[in-house]
Amino acid sequence: MEGNLKKECFESEHGGLGLEYFEEILQKNEKAVVQFAYTYVKDWPVAEDISQEVFIKVYRNILSFDNRSKLKTWLFSITANECKDYLRKTQRRTKWWNHIVQGSPKQDKNTPETILLQNEEKNSIGEALLSLPIKYREVLVLYYYEDLSTEEISQLLSVNPSTVRTRLDRGRKNLKNLREGGRWS
């Protein structure tokens, strides 16, 4: 089903989407979409909300899917855009909030508890991956966890394949530095 979606399969007798086909798309891809969204937003409930929005858009727009790419690539493209929209909105709210509480005293961030938590975080590949900048994190997740090719990632992110390969290389190096106790460059 992945690469051979036919519009006729999705059209019901009323011209809408056949529910059983949409349910199949949802069941096969929901987990991957939520996990991909999580790599952006780092919050499971938010990632689940974003995935719901993604599948609403898929339901509404499946008949416009033209099979130039795989369905999974199309889903990840929608997911990436939804996540970026969410992060833009959140960033605006954070700037507003920081402006409001600017005069409040800052807490000491180097407490023993936070140092312990930071060390535990560095010991986990998943956590190290999530600490990378989004441009490295997204290509690493798409390449290693979702098994997309550099060409598919290139289409999804609207960048050159050479840019994808460069980000993969730099992301790997930064991840290695993090795992060895350093910082990303």
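- Side-chain N/O atoms of Arg172 and Tyr144 include a donor and acceptor closer than 3.5 Å.
- Just one residue in the list Leu156, Val54, Leu157 forms a side chain to side chain contact (heavy atoms under 4.5 Å, CB included) with Ser77, and that residue is Leu156.
- A salt bridge links Glu24 to Lys28: one of the charged nitrogens lies within less than 4.0 Å of a carboxylate oxygen.
- Glu152 and Lys72 are not joined by a salt bridge, as no carboxylate oxygen comes within less than 4.0 angstrom of a charged side-chain nitrogen.
- With Leu168 as reference, Thr150 is the one residue of Leu142, Thr150, Thr163 to meet the side chain to side chain contact (heavy atoms under 4.5 Å, CB included) rule.
- Between atom CD of residue Glu146 and atom CG of residue Leu140 there is a gap of 12.5 Å, rounded to the nearest 0.5 Å.
- Taken to the nearest 0.5 Å, the CZ atom of Phe76 stands 8.0 Å off from the OG1 atom of Thr73.
- Note: the hydrophobic cluster containing Ile78 also contains Leu26 (ILVMFWY, side chain heavy atoms under 4.5 Å, direct or indirect links).
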Using side-chain contact (heavy atoms from CB on, under 4.5 Å), reason through Thr79 and Cys83 one step at a time and then give a plain yes or no.
CA-CA 6 Å; Thr79 304; Cys83 290; 4.1 Å; yes
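- Between Ser154 and Asn160, the closest side-chain pair of non-hydrogen atoms is not below 4.5 Å.
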Determine, step by step, whether Tyr136 and Val141 satisfy the side-chain contact (heavy atoms from CB on, under 4.5 Å) criterion, reporting the C-alpha distance in whole Å, the side-chain angles of both residues, the deciding distance to 0.1 Å, and the verdict.
CA-CA 9 Å; Tyr136 301 131; Val141 167; over 6 Å; no
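- Residues meeting the salt bridge (charged side-chain N to carboxylate O under 4.0 Å, His left out) test with Lys173, sequence neighbours left out: Asp169.
- The shortest distance between side-chain heavy atoms of Leu129 and Tyr145 falls below 4.5 Å.
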Quick one, Lys57 with Glu82, criterion side-chain contact (heavy atoms from CB on, under 4.5 Å). Give me CA distance, side-chain angles, the key distance, then yes/no.
CA-CA 10 Å; Lys57 286 189 176 191; Glu82 285 292 312; 2.5 Å; yes
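- Between Phe22 and Val58 the shortest heavy-atom distance is CE1-CG1, 4.2 Å.
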Which atom pairs, donor and acceptor, lie under 3.5 Å between side-chain atoms of residues 33-50 and protein residues at least two apart or in another chain?
residue : atom : partner : partner atom : Å
Thr39   : OG1  : Phe36   : O            : 2.5
Tyr40   : OH   : Glu138  : OE1          : 2.2
Lys42   : NZ   : Leu130  : O            : 2.6

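- Under a cut-off of 6.0 angstrom, the local environment of OH in Tyr143 is sparse, with at most 12 non-hydrogen atoms contributed by other residues, nucleotides or ligands.
- Arg137 is not listed as a side-chain neighbour of Pro133, based on a closest heavy-atom distance of 4.5 Å or more.
- Using a 4.5 Å heavy-atom threshold, the side chains of Arg167 and Val159 count as touching.
- Criterion: ILVMFWY side-chain heavy atoms under 4.5 Å apart, direct or through other members. Under it, Leu63 and Leu71 are part of a common hydrophobic cluster.
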